Every structure is written in C-alpha cells, then in structure tokens.
Amino acid sequence: MALIRFDVVTLFPEMVTAAASYGVTGRALERDIAALAVWNPRDYTNDKHKSVDDRPYGGGPGMVMKYQPLHDAVVDAKKINVETRKVIYLSPQGKPITQHLLSEACQISQLILIAGRYEGIDERFIDLDCNDEWSIGDYVISGGELAALIVIDAITRLLPGVLGDAESAEQDSHADGLLDYPHFTRPELLEGRPAPNVLLGGNHADIARWRMKQALGRTWQRRPDLLKKKNLNTEQESLLKEFIVELNQFKV
Ligand code: 9D3
C-alpha cells in the first residue's frame with residue numbers, strides 16, 4: 001500500500017497525470033510509494049451540456065464552478081478507505097505553502113486536492129467539503145492544476161525512500177533556512193571565469209566553510225527575511241562577517 005495517495009479533482013486530469021509521471025514523482029508513483037488518481041467534475045454532471053460552471057450571483061465577469069459536480073467528485077474520492085484524509089482547495093486566498101506545512105501534510109494518508117478554474121468556486125463547497133485552503137504564492141496563475149502538482153512534487157520528495165541517501169542528506173542540510181551555496185563543474189575556466197580555487201583542492205573542511213559562508217552571504221543579500229528568523233552560531237556569525245568584508249573589498 002502506498003504511503004500517501006493524492007486525489008486531484010480537476011477539469012484537466014491529463015495535465016496532472018502527465019506532469020506527475022516525470023522524474024522524482026514519476027518514480028515514486030511507479031514504485032507505489034505514492035499513488036495518484038484524478039477525478040473530473042465534468043464526469044459528475046447530470047445535464048446534457050455537462051455544465052461545470054455558471055454565472056456569478058451578483059454579476060461581474062467570469063464564471064463560477066458549481067457545487068454539485070465538485071461535491072459528487074469528492075464523494076467518490078472519499079469512497080477509498082483511508083486512515084487519515086484532508087481535502088485541500090488550492091486558491092489565491094489560501095494560506096501560503098511552506099516547507100513546514102508540507103512536512104505536516106506528508107503524514108496524511110489521502111490528500112484530496114481541488115484544482116479550480118474560472119474565477120473561483122462556489123464558497124459553500126469550500127465551507128462544506130474542504131478542510132483547508134492553500135496558495136502557492138502572491139501571483140496569479142490560471143488554475144489550480146499547477147499548484148496541485150507543486151504540492152504533489154514537494155510532498156513526494158519528503159516520503160521515505162523517494163530520494164537517495166545523498167539527496168536526502170542534502171535536503172536535510174538545506175531545510176535549515178538558508179539559501180543554497182553556488183555550484184560549479186568542469187571546465188575549470190569558462191569565458192575567462194575560473195571556478196573557485198578552494199573547490200579544486202581536496203580540503204573538505206575548507207570547502208564546507210566556504211560553502212557555509214556563501215550560503216550565509218547569499219541569504220543575507222537576497223533573503224534578509226530568512227536570515228532574521230535564524231539563530232546563527234558563532235562560526236556562522238564570523239563567516240557572514242568575512243563574506244561582507246570580502247564583498248566590500250571588491251567595490252573600491
Ligand atoms: C485575475 C483573476 N482574479 C481576480 C482577482 C481571481 C483569480 C481567480 C482564479 C485569480 C487566480 C485564479 C486561478 N488561480 C488558482 O487557481 C490558484 C492560485 C493562484 O492564482 N495563485 C497562487 N496560488 C494559487 S493556488 C490556485
């Protein structure tokens with residue numbers, strides 16, 4: 001039995017199954033570490049036009065997804081017997097997804113992800129059928145499918161056995177609230193730019209210190225919000241000071 005199952009309610013089921021079949025998610029699905037099923041509200045319509053949307057009460061632009069086809073799709077997804085389940089509506093109004101939120105969600109046996117289209121869905125479906133509402137950030141996309149795929153990808157990476165040992169260790173070290181250090185590979189000299197000398201020698205303590213300094217420096221430059229939340233140890237404090245000193249030595 002899979003560790004987690006994702007059930008995505010979507011008008012574009014192939015978009016979700018196709019994208020999830022690649023790479024890390026594709027491998028986890030093949031190995032039955034995770035399971036994925038899709039449910040199309042269109043298949044739960046009862047009228048001859050198969051209407052999944054209707055005009056908004058109160059007027060205004062766009063269409064609103066109807067309650068009944070969404071509800072009936074979720075009822076079917078819930079017929080699968082599981083220990084724990086959550087129904088999550090993906091929307092711009094949701095709580096912003098964080099690694100912490102996802103690390104809690106990966107403990108649940110069934111995540112039913114609702115991907116909306118059009119202007120939105122009937123608010124009573126959110127109230128009656130959904131347990132939570134999640135956003136992928138403060139920008140506009142055209143529907144919930146890509147958001148559902150982001151959730152599926154990020155959670156699958158957290159499941160035991162999905163990443164190799166090296167990748168898991170790396171993930172742990174990066175779950176520590178800093179941006180990544182820069183990476184280099186051959187050739188040594190590229191368009192006149194050399195790879196950092198410290199990385200070419202085999203002094204692993206020096207390399208680890210250089211990488212930590214870069215991670216701290218870049219986080220300080222690009223994401224001061226992340227750095228404020230972090231408690232730096234004495235070593236890290238001095239590495240960051242070195243980074244800033246070296247930065248100022250370049251601008252004359
Ligand atoms: C431009 C239309 N907007 C008017 C204020 C409303 C709107 C409706 C539907 C905006 C986006 C969408 C579709 N978006 C999603 O389904 C979505 C989403 C997003 O747009 N941003 C961040 N996270 C998410 S999760 C799902």
Side-chain angles (χ1 to χ4, degrees), residues 4-25 34 36-45 50-78 85-108 110-158 179 222-223 225-226:
I4 192 166
R5 58 169 299 134
F6 302 103
D7 290 277
V8 183
V9 176
T10 169
L11 290 170
F12 300 120
E14 298 84 5
M15 179 177 172
V16 175
T17 51
S21 74
Y22 291 89
V24 168
T25 50
L36 170 64
V38 285
W39 308 84
N40 191 339
R42 186 95 50 199
D43 298 335
Y44 295 86
T45 53
K50 303 192 176 197
S51 324
V52 290
D53 61 335
D54 204 344
R55 293 165 14 197
Y57 277 131
M63 298 291 272
V64 175
M65 288 183 82
K66 294 166 66 62
Y67 173 80
Q68 176 268 321
L70 285 171
H71 174 74
D72 290 354
V74 168
V75 166
D76 248 7
K78 285 185 174 175
R85 164 192 295 135
K86 249 185 184 171
V87 181
I88 295 152
Y89 174 45
L90 298 157
S91 98
Q93 287 75 47
K95 53 171 87 135
I97 290 171
T98 60
Q99 196 66 33
H100 176 75
L101 185 82
L102 296 167
S103 71
E104 287 184 355
C106 79
Q107 309 288 331
I108 293 163
Q110 185 189 29
L111 292 177
I112 301 181
L113 303 171
I114 313 297
R117 284 275 152 172
Y118 313 113
E119 279 311 293
I121 71 185
D122 193 302
E123 191 70 17
R124 292 164 295 188
F125 174 79
I126 307 173
D127 294 341
L128 294 169
D129 290 29
C130 300
N131 303 115
D132 219 343
E133 194 169 346
W134 292 358
S135 161
I136 59 166
D138 293 337
Y139 45 85
V140 180
I141 59 174
S142 309
E145 287 79 11
L146 289 172
L149 283 161
I150 285 171
V151 168
I152 291 168
D153 186 292
I155 288 181
T156 302
R157 297 174 59 79
L158 297 172
L179 300 185
R222 303 178 188 189
R223 294 295 304 276
D225 57 315
L226 293 183

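In this text the structure is predicted, and so the values were computed from the model without any measurement. Numbering of ligands and ligand atoms starts at 1, following listing order. FYI, side chains are in, hydrogens and waters are out, and symmetry mates aren't considered; it's all heavy atoms of this structure.
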Atom 2 (C) of ligand 1 [closest protein heavy-atom partner, distance rounded to 0.1 Å]:
E119 OE1, 3.7 Å

For G137, is there any backbone N or O sitting under 3.5 Å from a side-chain donor or acceptor partner on S135?
yes

Polar contact flag for I141 and ligand 1 (N/O pairs, less than 3.5 Å):
yes

Report, in ascending order of atom number, the atoms of ligand 1 lying under 4.0 Å from any heavy atom of Y118.
8 (C), 9 (C)

Whether R42 side chain and L11 backbone form a donor-acceptor pair below 3.5 Å
no

Output yes when the distance from some N or O of ligand 1 to some N or O of G144 is under 3.5 Å, and no in every other case.
yes

Look at the side chain of E145 and the backbone N and O of V8, then say whether any donor-acceptor pair between them is shorter than 3.5 Å.
no

Tell me which one of G62, P61, P96, S91 gets a heavy atom nearest to atom 24 (C) of ligand 1.
S91

Any N or O of Y139 closer than 3.5 Å to N or O of ligand 1
yes

Check ligand 1 against A147 and write out every atom of the ligand that is under 4.0 Å from a heavy-atom position of the residue.
25 (S)

Please round to the nearest 0.5 Å and tell me the distance separating atom OG1 of T156 and atom CZ of F6.
4.0 Å

Hey, does I136 come in under 3.5 Å of ligand 1, counting only N/O atoms on both sides?
yes

Test your reading of the model: is there a side-chain donor-acceptor pair from N131 to the backbone of V87, 3.5 Å cut-off?
yes

Option whose closest heavy atom lies nearest to atom 15 (C) of ligand 1, chosen from A148, G94, G143
G143

Do any non-hydrogen protein atoms sit less than 4.0 Å from atom 9 (C) of ligand 1?
yes

Starting from atom 22 (C) of ligand 1, which protein heavy atom do you reach first, and at what distance in Å?
G137 O, 3.1 Å

